[in-house]
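Residue numbers count from 1 along this sequence.
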Amino acid sequence: MEISMPKKTDAAAKASTKANMPAFTKEEELHAYKEMLLIRRFEEKAGQMYGMGLIGGFCHLYIGQEAVVTGITMASKKGDASITGYRDHGHMLVVGLDPKAVMAELTGRKGGLSKGKGGSMHMFSEEERFYGGNGIVGAQVSLGTGLAFAAQYRGEDTVSLTYFGDGASNQGQVYESFNMAKLWNLPVVYIIENNKYAMGTSVERSAATTDLSQRGASFDIPGEQVDGMDVRMVRDAAERAITHAREGKGPYILEMLTYRYRGHSMSDPAKYRSKDEVQSMRSERDPIEQVKARLLENDWATEDELKDIDKDVRAVVSEAADFATNDPEPDPEELYTEITV
């Protein structure tokens, strides 16, 4: 069954953001461009290294979805917690974690964020309040709700940013979490990264109601659909949602209409969609190319300046790959540390 993707005008009309088209300053556009480009180049390199056998296990790439976590993070503040599923490399990079440590964890090296013992599904940073990287579908929703409860209990002025996908949105624990979050008015923003296909089944075939932003309606949780391919729209909606949660008004749902260019994981040939569909999204809706076009149109950057930015980003990623390839593997004794019985 071939699913036709919404065009830009459809997505914009469907998104219920109150501002028609939020504007970014030159500095904001450049910041978003650099952040998204770092994610894109990092993921491309991770895909290459997986193909070379340097990364084992699973590898879920975020290519195409960069605007979501970039826009959300631009609207958040230092101290806000974030948690997501296994498509998480971009989330770690955008909160400020060292690309070398992220890549080294993927290759199972000593200098990885989890000392080479976890891989992409088990990376976290207490310092940056990033709590994974969770391999069980939908599990992070309950944990993210718990982070919001902890913030409320401690009297912190922080919000839990809880990311999950369209596939996870049908999990029972998600609705148990919604109920608790609203019952206690917890400071949590639920971000549904709807990339249309979950593991490989289109949302139209797997969900009885496809407007996932309204999944919290029975719990009186407000929600809205957002053009998740436009970082401006993401930041705009996130500002409203985070303010709502931070002011003690309870949870909020943001459904980000986005798209992944690669398969569910590196082992997925993605034969459930046409090449034309993917190419159409790349050529018409790419989040990075949209920002690049605006920078050029507004004379905020030249082609040469943007090439220099790309060159610098590639150098950072290359350094991370070299480190992750040459860093030693953890000592055997490391297997027995940080174990609770």
Side-chain angles (χ1 to χ4, degrees), residues 5-6 8 11-12 14-17 19 22 24 28-29 31-43 60-76 80-97 120 130-134 140-141 144 159-169 188-198 203 211-213 215 223-242 245 252-262 264 281-282 285-291:
M5 294 299 299
K8 183 176 182 179
K14 198 173 184 182
S16 56
T17 48
F24 269 15
E28 289 167 337
E29 292 280 28
H31 174 79
Y33 183 72
K34 292 174 183 176
E35 292 290 286
M36 292 193 292
L37 196 59
L38 175 61
I39 297 171
R40 177 71 59 88
R41 299 297 180 237
F42 184 96
E43 294 291 63
H60 304 84
L61 303 181
Y62 201 60
I63 297 173
Q65 299 182 214
E66 297 91 350
V68 176
V69 73
T70 300
I72 294 288
T73 305
M74 289 177 74
S76 67
D80 288 337
S82 57
I83 188 168
T84 186
Y86 34 73
R87 199 179 308 280
D88 59 351
H89 313 149
H91 299 70
M92 287 179 274
L93 295 172
V94 84
V95 299
L97 293 175
S120 62
F130 176 79
Y131 297 97
N134 294 271
Q140 72 271 27
V141 180
V159 172
S160 171
L161 305 171
T162 300
Y163 299 82
F164 58 104
D166 48 296
S169 67
V188 54
V189 177
Y190 296 111
I191 302 139
I192 305 174
E193 298 196 67
N194 183 359
N195 60 27
K196 311 297 182 187
Y197 289 102
V203 68
D211 185 347
L212 305 182
S213 70
R215 289 296 181 90
E224 58 183 287
Q225 286 186 322
V226 184
D227 181 355
M229 302 298 277
D230 190 325
V231 68
R232 300 170 301 175
M233 301 299 283
V234 174
R235 205 264 313 256
D236 179 64
E239 285 179 340
R240 282 195 301 281
I242 291 172
Y252 203 101
I253 296 173
L254 294 175
E255 180 191 359
M256 296 293 169
L257 301 171
T258 186
Y259 196 82
R260 55 173 167 79
Y261 298 161
R262 303 289 186 91
H264 170 70
M281 290 297 291
R282 275 185 176 273
R285 305 288 292 114
D286 186 82
I288 299 174
E289 290 300 318
Q290 290 185 57
V291 177

Rounded to the nearest 0.5 Å, how far does [atom2] of [Y] lie from [atom1] of [X]?
{"X": "Ile191", "Y": "Ile253", "atom1": "CD1", "atom2": "CD1", "value": "11.0 Å"}
{"X": "Arg41", "Y": "Ile63", "atom1": "CZ", "atom2": "CD1", "value": "9.5 Å"}
{"X": "Ile192", "Y": "Asp166", "atom1": "CD1", "atom2": "CG", "value": "8.5 Å"}
{"X": "Met256", "Y": "Leu212", "atom1": "CE", "atom2": "CG", "value": "12.5 Å"}
{"X": "Leu161", "Y": "Tyr131", "atom1": "CG", "atom2": "OH", "value": "12.0 Å"}
{"X": "Asn194", "Y": "Gln65", "atom1": "CG", "atom2": "CD", "value": "9.5 Å"}

Ignoring hydrogens and angles, state whether a donor on the side chain of Glu224 or Tyr252 is under 3.5 Å from an acceptor on the partner side chain. yes
Heavy-atom donor-acceptor pair, Glu66 side chain to Gly64 backbone, under 3.5 Å: yes
Do Thr73 side-chain atoms and Val95 backbone N/O form a donor-acceptor pair below 3.5 Å? no
Closest approach of [X] and [Y], non-hydrogen atoms and distance?
{"X": "Ser169", "Y": "Phe164", "value": "CA-CE1, 3.9 Å"}
{"X": "Gly228", "Y": "Thr258", "value": "O-OG1, 4.0 Å"}
{"X": "Val234", "Y": "Val68", "value": "CG1-O, 3.4 Å"}
{"X": "Gly85", "Y": "Gln140", "value": "N-NE2, 3.5 Å"}
{"X": "Glu255", "Y": "Ser213", "value": "OE1-N, 3.0 Å"}
{"X": "Met36", "Y": "Ile288", "value": "O-CD1, 3.5 Å"}

My understanding is that only residues two or more places apart in sequence, or in another chain, count here; which of them pass side chain to side chain contact (heavy atoms under 4.5 Å, CB included) with Ser120? Asp88, His89, Leu106, Met123
Holding to side chain to side chain contact (heavy atoms under 4.5 Å, CB included), I want the full list of residues that pass it with Glu35, two or more places apart in sequence or in another chain. His31, Thr70, Val94
When you compare the side chain of [Y] with that of [X], does any pair of heavy atoms fall below 4.5 Å?
{"X": "Ser76", "Y": "Ile242", "answer": "yes"}
{"X": "Ile72", "Y": "Leu254", "answer": "yes"}
{"X": "Arg285", "Y": "Gln290", "answer": "yes"}
{"X": "Met229", "Y": "Met281", "answer": "yes"}
{"X": "His264", "Y": "Tyr197", "answer": "no"}
{"X": "Glu193", "Y": "Tyr62", "answer": "yes"}
{"X": "Ser82", "Y": "His91", "answer": "no"}
{"X": "Thr84", "Y": "Phe130", "answer": "yes"}

If you apply the rule side-chain contact (heavy atoms from CB on, under 4.5 Å), what do you find for Arg262 with Glu43, and how did you get there? CA-CA 10 Å; Arg262 303 289 186 91; Glu43 294 291 63; over 6 Å; no
In sequence, state the C-alpha distance, the side-chain angles, and the governing distance for Lys196 and Tyr259, and then conclude on side-chain contact (heavy atoms from CB on, under 4.5 Å). CA-CA 7 Å; Lys196 311 297 182 187; Tyr259 196 82; 4.2 Å; yes
Applying side-chain contact (heavy atoms from CB on, under 4.5 Å), run through Phe24 and Met74 and close with a yes or a no. CA-CA 11 Å; Phe24 269 15; Met74 289 177 74; 3.8 Å; yes
With the threshold set at 4.0 Å, does a side-chain nitrogen-carboxylate oxygen contact exist between Asp236 and Arg232? no
Could you pull out all residues at least two apart from Glu28 that satisfy salt bridge (Lys or Arg N to Asp or Glu O under 4.0 Å)? Arg235
